[in-house]
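Have a look at the structure below before the remarks.
Just the heavy atoms: all of them, side chains too, but no hydrogens, waters or symmetry mates, feed the values below. Please read all numbers here as calculations on a predicted model, not as lab measurements. Numbering starts at 1 and runs along the sequence shown. When a ligand or atom number is given, it counts from 1 through the structure's own listing order.
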Amino acid sequence: MVKIASSEITPEHVYLSRRKFLKGAGALATSALVLSACGRQPSPAPTPSGSEVSPQAGAGTGEMGDTPTPYDTINSYNNYYEFSTDKEAVARLARDFKTSPWTVEVGGLVNKPKTFDLDDLRKFAQEERIYRLRCMEAWSMVIPWLGLPLAALLKEVEPLSKAQYVRFETLYDPQQMPGQEDPFFDWPYVEGLRLDEGLHDLTLLATGIYGKPLLPQAGAPIRLVVPWKYGFKSIKSIVKIDLVEDRPTSLWMAQAPNEYGFYANVNPNVPHPRWSQSSERRIGETGRRKTLLFNGYAEEVASLYEGMDLAQWF
Ligand SMILES: Nc1nc2c(c(=O)[nH]1)N[C@H]1C(S)=C(S)[C@@H](COP(=O)(O)O)O[C@H]1N2
Ligand SMILES: [Mo]
């Protein structure tokens, strides 16, 4: 499997100037970050929130203009319906969400089912990946994630040959997540990937942003990131991962099958039933950008969909 470093995802000079900044920052966490961006050295945990990595570290504007979105913006404009449908209310409502202790139960069609606690998850090498995030609602951000490839976790449980899909589930706890009292949705939030999508090197289980542990509104303590798909596939606060034979039905597919498909690959040529997907608003910018096929990751992922009807990508 091809290893995609963040240096390949971000225009080189942006990445380099970012690295220069990181070197200058001096904190221990910094070297862990640089290491994890360069290789697979184990770097134990997401950086404690005390160590400062400036949100706008080295952020130049590259050829694609992929300036990382500021830390505070990333954490104050969130889709997280378990807390609120108001993006700007999520952070406040999620503030006291308990993210420790936490376990992720990984099972289903595997040889070695295992329940991972936070310490277990920290043992995986954490890598930095700067990815574009494109929401179905036609806005986007650029987020420097920290996390482990999903493939690394799946390898430990040894999927059986019968396994064809990966199914993910968010915590169900209406006492902490008031949005789950809303009977309109079939909670908990569920998402799924084809196994080969789940094993793709771009697919990340994120534990941090800008070298700091995820905040509750971003899906702490661990969430999925699939950068070539619409944002709703990137399920937050995961407690359960199952290898399954049949295609899982996601919360959104159950809710509105004509608006939310299983694949949900970013595609400027397939409009949402109620609006065009040909352009997007990059948060923090005025004007609009053209939406890119597979959110700009076609080179890495197009081969996964060879022979598939383009309309089906939805
Ligand atoms: N559990 C859960 N995961 C979720 C959502 C949600 O409401 N609940 N919203 C999704 C949507 S629509 C998007 S665009 C992204 C937003 O991630 P962000 O708030 O970190 O930008 O999270 C996705 N993951
Ligand atoms: Mo979204």
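The shortest side-chain heavy-atom distance between S234 and K229 does not fall under the 4.5 Å cut-off. Contact annotation: the side chain of L202 approaches that of W228 to within less than 4.5 Å [non-hydrogen atoms, C-beta and beyond].
Within the structure, salt bridge (charged side-chain N to carboxylate O under 4.0 Å, His left out) pairs that include any residue of residues 80-101 comprise K87-E137 (at least two apart or interchain). The salt bridge (charged side-chain N to carboxylate O under 4.0 Å, His left out) contacts involving residues 172-192 comprise E191-K233, where partners must be two or more places apart or lie in separate chains.
Looking at R129, its side chain never comes within 3.5 Å of a backbone N or O of I143 through a donor-acceptor pair.
With sequence neighbours left out, the salt bridge (Lys or Arg N to Asp or Glu O under 4.0 Å) criterion links E299 to no other residue.
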Write out each pair where an N or O from ligand 1 and one from the protein are under 3.5 Å apart, with the distance.
from: ligand 1; atom 1: 1 (N); to: E82; atom 2: OE2; distance (Å): 2.9
from: ligand 1; atom 1: 1 (N); to: T170; atom 2: OG1; distance (Å): 3.0
from: ligand 1; atom 1: 3 (N); to: K236; atom 2: N; distance (Å): 3.1
from: ligand 1; atom 1: 7 (O); to: Y81; atom 2: N; distance (Å): 2.7
from: ligand 1; atom 1: 8 (N); to: E82; atom 2: OE1; distance (Å): 2.8
from: ligand 1; atom 1: 9 (N); to: N79; atom 2: O; distance (Å): 3.2
from: ligand 1; atom 1: 17 (O); to: R223; atom 2: NH2; distance (Å): 3.2
from: ligand 1; atom 1: 19 (O); to: N78; atom 2: ND2; distance (Å): 3.0
from: ligand 1; atom 1: 19 (O); to: N79; atom 2: N; distance (Å): 3.3
from: ligand 1; atom 1: 19 (O); to: K236; atom 2: NZ; distance (Å): 2.7
from: ligand 1; atom 1: 20 (O); to: R223; atom 2: NH1; distance (Å): 3.0
from: ligand 1; atom 1: 22 (O); to: R223; atom 2: NH2; distance (Å): 3.4
from: ligand 1; atom 1: 24 (N); to: S234; atom 2: O; distance (Å): 2.9

